J.: 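Okay, here's the structure, questions in a sec.
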Amino acid sequence: MDDREQEIRKLLAQLPGGPPRLKNAGMDADLRSYGMDSLLFIHFAVVLEEHFSIEVSPEFLDIDKLYSLQKWREYIDSQDLVC
Amino acid sequence: MLVALEMDYYSEGYRTMHSNCVDLPMAGAAGFHQYENYFYYTFLYAVMMNWGEAADGDWVASRRSILNKLGLTLKVTEVLDAAGLLYAIRMNIDQQCPVVMIANYNDLFFLSQYRTVVDDHAVLITEYDSARRLIVIRENQLNKEVTLNVMKGEPFFKLQLTEELIADIWNKSNASFKEIRNYCYNKLFSVAKIGEPEVHSYLELVEDFVESNKNRSSHLIEAVERFNDNVSLMEGLNDANAIAVEFETMRRSYHGSAIIMFDIFEKALPWLSSHEEWGQIFGGFRDRYIKFRYHLISSFHADTLRRKLLPPDRIFQLTVEISQLDTELFSLLRKLLTHHHKERESHNAAQAWTNYAACAEVSADSEYSLDPETVCQASQAVNGRWENWVMDSWHSDTARPVHWLLLDLLKQRDILRVVIRHSPAPGYITMDYELQGSNDTEQWEQIAAVRNNESVLTVHEADGCSFRYIRLYITYPAQNDFQARIYELEVWGLPDITQASKI
């Protein structure tokens with residue numbers, strides 16, 4: 001597990017209002033099956049934005065697209081390339 | 001004694017995320033009186049959220065306006081204490097009125113997820129057992145972890161509580177309602193039948209929706225225009241969860257409601273799923289409409305958390321997009337409804353057609369005999385069957401290429417269509433023929449002429465020509481031999497219209 005992955009997992013675990021089982025989700029796990037709903041997803045997106053200094057574009061504010069930590073990891077990495 | 005109102009569980013219904021936890025039980029109560037009422041109510045509520053006229057914040061009046069369309073009303077019973085509550089529950093159930101009791105989530109001890117929520121929830125009550133002092137409620141959040149994976153809706157499972165527990169819930173909730181929700185303080189609601197419904201079908205519901213709302217502006221536009229004000233208001237809400245509650249309401253009002261509306265459109269037009277062209281157009285638009293709203297609300301939620309205001313040109317652009325999508329929605333629905341009625345008229349007309357050949361006297365130039373007792377007679381071409389060539393078809397002899405089959409319709413008939421079922425075997429399909437009409441068997445008029453036919457079924461529109469005799473005149477019976485093979489000859493027309501027009 002590299003630093004970025006650790007950071008993403010830590011932010012998820014600290015997410016207020018998230019169900020406790022959410023912190024057990026693996027990188028490829030579908031977060032929806034760990035209790036993440038669309039509202040919590042938006043909150044998580046904004047927390048990640050602040051931490052990684054990115055802005056998630058409207059079409060990616062969609063839990064169907066960024067449904068796992070791995071998907072988030074790939075999205076954040078792609079924003080590095082854009083910068 | 002157990003008194004129970006039997007109602008469906010609505011496992012094929014909707015979820016709280018599509019509507020809300022008060023109006024879904026209300027829909028269930030309406031559904032007790034007639035199964036489809038659940039769906040009608042949720043649709044009408046969804047429409048009210050998007051285009052409805054404000055009932056000046058009057059909760060009871062706005063629900064009554066929906067229920068009245070279903071021939072129902074929201075009955076309000078004044079309740080002052082626990083004894084009065086239990087009496088009112090029994091009285092309403094005895095009168096065939098399912099009870100809707102509003103309670104605070106955090107007073108509903110039976111689900112752990114309710115304990116931290118400060119909001120109102122409707123408890124649907126449909127049974128009581130006076131001997132055992134029990135009340136049965138219908139709770140659509142029970143076993144949600146399981147039902148979400150296997151059911152479309154959140155079914156109203158039964159939960160049996162003692163009268164004391166129900167009274168305790170009501171006492172606690174009611175005390176807080178005095179300050180914050182006066183509309184339900186000291187009140188118990190129930191859904192009663194008061195007359196005949198205005199709505200009789202999904203189709204009527206959708207037609208009324210189009211007519212009533214086609215020129216109205218959606219409340220979503222107002223929400224977009226107010227967005228910056230709301231961001232400022234939410235500055236005070238530092239708790240992301242409190243902001244989430246606001247957007248949960250917005251998502252239900254504009255995104256969840258759209259899912260319900262499109263579901264009802266499909267119920268009104270059930271042929272859509274199997275119609276290639278319209279099905280694709282409808283499905284594509286539905287996905288675009290719903291996705292637009294999903295992304296819009298997600299962006300608003302994120303922008304609120306980001307404390308980011310929308311520039312005026314972006315607000316204007318969004319309001320234009322919402323209006324355009326709504327214009328497209330009403331335009332598409334009008335086209336679909338027009339198509340539906342056109343098809344239904346055509347279907348009804350086809351149903352009324354009659355096959356004159358079924359009663360005709362039939363003759364032919366020749367009939368093929370397998371043996372003296374087995375003859376492929378001319379009459380077999382009008383017997384209404386075409387499965388068995390020996391029993392159900394006319395076969396001519398094989399001596400020459402020209403053959404004819406003649407139908408005497410017994411009197412002059414206005415003919416709309418002639419259908420010929422040829423041999424299903426390749427190489428034996430009737431190749432060249434003329435379809436002719438006459439009123440004296442001397443002078444023949446051509447109805448259709450066919451060359452090099454390759455179809456096993458040929459349909460000839462006759463456009464109302466009027467004949468007593470119909471002749472199929474075959475000049476090239478088959479690719480492989482000289483034998484004509486006709487499995488069925490149908491002559492269709494409208495007897496009632498013909499008679500009426502002749503009068």
Side-chain angles (χ1 to χ4, degrees), chain A residues 7-25 29-69 71-76 78-79 82-83, chain B residues 15-18 112-113 115-119 141 144-146 148-150 154 224 227 231 234 237-256 259 287-288 290-308 310 314 317-318 321:
Chain A
E7 284 172 78
I8 295 172
R9 293 182 67 86
K10 189 176 163 193
L11 291 168
L12 179 70
Q14 292 172 344
L15 196 62
R21 66 182 190 278
L22 203 53
K23 62 176 183 291
N24 300 326
D30 188 333
L31 296 173
R32 290 169 293 195
S33 58
Y34 283 80
M36 180 172 277
D37 59 18
S38 55
L39 297 166
L40 199 59
F41 168 82
I42 299 292
H43 189 193
F44 185 45
V46 175
V47 166
L48 290 169
E49 281 183 344
E50 284 173 7
H51 186 86
F52 292 105
S53 301
I54 57 167
E55 182 164 318
V56 181
S57 57
E59 67 269 27
F60 279 94
L61 284 172
D62 188 341
I63 198 168
D64 290 340
K65 288 184 179 164
L66 299 176
Y67 55 84
S68 69
L69 295 176
K71 291 282 177 194
W72 270 112
R73 169 68 201 257
E74 288 162 13
Y75 183 78
I76 294 164
S78 73
Q79 297 305 295
V82 171
C83 294
Chain B
R15 296 180 180 183
T16 308
M17 62 176 280
H18 299 131
S112 59
Q113 67 262 35
R115 283 182 205 145
T116 55
V117 183
V118 183
D119 207 348
Q141 301 293 295
K144 199 173 171 183
E145 295 77 10
V146 178
L148 282 183
N149 296 323
V150 293
E154 288 163 355
V224 169
F227 176 73
V231 171
M234 287 189 206
L237 294 176
N238 288 320
D239 178 4
N241 290 335
I243 292 174
V245 169
E246 296 295 321
F247 280 95
E248 189 173 20
T249 304
M250 189 179 187
R251 196 175 285 284
R252 288 172 180 177
S253 299
Y254 301 115
H255 175 248
I259 292 171
D287 295 349
R288 190 155 56 89
I290 291 173
K291 210 71 180 169
F292 171 83
R293 287 178 168 223
Y294 179 89
H295 285 303
L296 177 71
I297 295 161
S298 294
S299 292
F300 276 14
H301 187 180
D303 283 346
T304 304
L305 291 170
R306 292 164 181 155
R307 309 290 190 224
K308 187 178 158 188
L310 282 179
R314 177 70 183 138
Q317 186 198 344
L318 286 171
E321 283 181 56

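Quick note on labels: first sequence line is chain A, next is B, and so on, each numbered from 1. For clarity, every value in this text was computed on a predicted model and none was experimentally measured.
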J.: I'd like to know if A:Glu55 and B:Arg306 make a salt bridge, using a cut-off of under 4.0 Å between side-chain N and carboxylate O.
T.: yes

J.: Give a yes or no on whether B:Phe292 atom CZ has more than 12 heavy-atom contacts from other residues, nucleotides or ligands under 6.0 Å away.
T.: yes

J.: Taking the side chain as every heavy atom from C-beta outward, state whether B:Lys291 and A:Asp64 have any atom pair closer than 4.5 Å.
T.: yes

J.: Atom NZ of residue position A:Lys65 - does it have more than 12 heavy atoms of other residues, nucleotides or ligands inside 6.0 Å?
T.: yes

J.: Could you list which of residues 248-256 of chain B have a heavy atom closer than 4.5 Å to any heavy atom of chain A, in residue-number order?
T.: B:Glu248, B:Arg251

J.: Answer with side chain, backbone, both or neither: which region of A:Val56 has an atom nearer than 4.5 Å to a non-hydrogen atom of chain B?
T.: both

J.: State, to 0.1 Å, how close B:Ser299 and A:Leu61 come at their nearest heavy-atom pair, and which atoms those are.
T.: CA-CD1, 3.8 Å

J.: What part of A:Ile63 gets closer than 4.5 Å to chain B, counting heavy atoms only: side chain, backbone, both or neither?
T.: both

J.: Below 4.5 Å, heavy atoms only, C-beta onward: do A:Phe41 and B:Ser298 meet side chain to side chain?
T.: no

J.: Please check if the side chain of B:His301 supplies one atom and the backbone of A:Ile42 the other of a donor-acceptor pair under 3.5 Å.
T.: no

J.: Using 0.5 Å steps for rounding, measure from the CZ atom of B:Phe247 to the OG atom of A:Ser38.
T.: 12.0 Å

